[in-house]
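Let me begin by presenting the structure, written as structure tokens, before commenting on it.
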Amino acid sequence: MPVICQQLIPANAGLATYNVAKELARQTVAQFGAVRWIGVGIAGASCCAALAINPAPAAFFPAGNPLMGFLPPPAGVGVISVPNFGVPALPYAIVYGNSQLAPGGLALGPLGGHAERAALTASVAAGMPLPLYLLPAGGHAVLFVELHPCPGCLTWLNGGGGGVGNPYNGIINTGGATTLDVWWKWPHPAGVGQMNMFHQQGLAAQLAQINGPTW
């Protein structure tokens, strides 16, 4: 089945995987907002991504926790806010990717270099990719990435390119029944400045934008 790219905007709210993509966007800013600007290589222009997979507690991918807002930062932590997780748990686990994970040595293993590649390749546990979370109707899996995939990443997502391959080629690009919905917020490369400005804000402000009328 195909790889379909959709922008995360209200005009696409009627699509089946929109709500999952919005939640992945929230989870992404919480995950990377806690380590942005602290000297580990993740700054404003570092693109981030998140992939929904089936929970696999034995592989350290338990069901996700929905974000309900942000608590005040704990004593001694400075500007880093602590996510306030609500219940019940999400029906999927989340694998994260960032454009700096592989070159910065922040994650072990043969990860792809861009955010979407890092998320997909980080989903491999014990030599096998973890099962993608599929919506009940239509076999759609969900990936959120802040910037639209570049031409090289589009080729890679569709089964081409070099380096570490897309571990889901067999179920997406070779006659499989899975469609990968790739949700993006800003165009590449024209939207890098907008993404950078977004990342300059605090976590609570980023979350408010995602929950607002323009996402």
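- A93 and P62 make their closest contact through CB-O, 3.1 Å (heavy atoms, listed as atom of the first residue, atom of the second, distance).
- Shown here for H148 and C5, the closest heavy-atom pair between the two residues is NE2-CB, 4.1 Å.
- Side chains of I4 and V182 form no contact here, defined as non-hydrogen atoms less than 4.5 Å apart.
- Side-chain contact check for L15 versus Q6: some heavy-atom pair is nearer than 4.5 Å.
- Between I53 and F61, some side-chain heavy-atom pair lies under the 4.5 Å cut-off.
- Under the 4.5 Å side-chain criterion, counting only non-hydrogen atoms from C-beta, T178 is not in contact with Y168.
- Atoms CD and OH, from E23 and Y92 in turn, are 4.5 Å apart once rounded to the nearest 0.5 Å.
- Listed for the N173 side chain is no donor-acceptor partner under 3.5 Å among the backbone atoms of P2.
- Scanning both residues, P66 and A89, for their nearest heavy atoms gives CD-CA, 4.2 Å.
- For the pair V142 and L134, the minimum side-chain heavy-atom distance is 4.5 Å or more.
- Between P55 and P57 the shortest heavy-atom distance is C-CD, 3.7 Å.
- Proximity of a side-chain donor or acceptor of E146 to a complementary backbone N or O of C48 within less than 3.5 Å is detected.
- Under the 4.5 Å side-chain heavy-atom criterion for Ile, Leu, Val, Met, Phe, Trp and Tyr, L24 and L67 are members of distinct hydrophobic clusters.
- A 4.5 Å side-chain heavy-atom check between M195 and C47 finds at least one atom pair inside the cut-off.
- Rounding to the nearest 0.5 angstrom, the gap separating the CG atom in L207 from the CE atom in M68 is 10.5 Å.
- Summarising the geometry, atom CD1 belonging to I171 is positioned 4.5 Å from atom CG belonging to L132; distances are rounded to the nearest 0.5 Å.
- Residues satisfying the side chain to side chain donor-acceptor pair (under 3.5 Å) criterion with D181, sequence neighbours excluded, are T17, H140.
- Between F32 and Y96, the ring-plane angle classifies as perpendicular under the 30° and 60° cut-offs.
- Going from atom OG of S123 over to atom CG of N54 covers 11.5 Å, rounded to the nearest 0.5 Å.
- Within the 4.5 Å cutoff, the side chain of L147 has no heavy atoms near those of the E116 side chain.
- Partners of I9 under the side-chain contact (heavy atoms from CB on, under 4.5 Å) rule, at least two apart in sequence or in another chain, are Q7, A11, N12, K185.
- The two atoms that bring G86 and N65 nearest to each other are O-OD1, 4.4 Å, heavy atoms only.
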For the pair L180 and L157, evaluate side-chain contact (heavy atoms from CB on, under 4.5 Å) and give the outcome as yes or no after the intermediate values. CA-CA 9 Å; L180 180 62; L157 288 167; 4.2 Å; yes
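- Across every non-hydrogen atom of W156 and P167, the tightest pair is CH2-CD, 4.2 Å.
- Of the inter-residue distances, the one linking N211 atom CG with Q209 atom CD reads 10.5 Å to the nearest 0.5 angstrom.
- The six-membered or imidazole ring of F144 lies away from that of W184, with a centre-to-centre distance of 6.0 Å or more.
- At least one side-chain heavy atom of W215 sits under 4.5 Å from a side-chain heavy atom of K22.
- A donor atom on one side chain and an acceptor atom on the other are not found under 3.5 Å apart for N166 and R117.
- Taking OG1 of T179 as the reference point, atom CD1 of I172 lies at 8.5 Å (rounded to 0.5 Å).
- Between the side chains of Q206 and H199, no donor N or O sits under 3.5 Å from an acceptor N or O.
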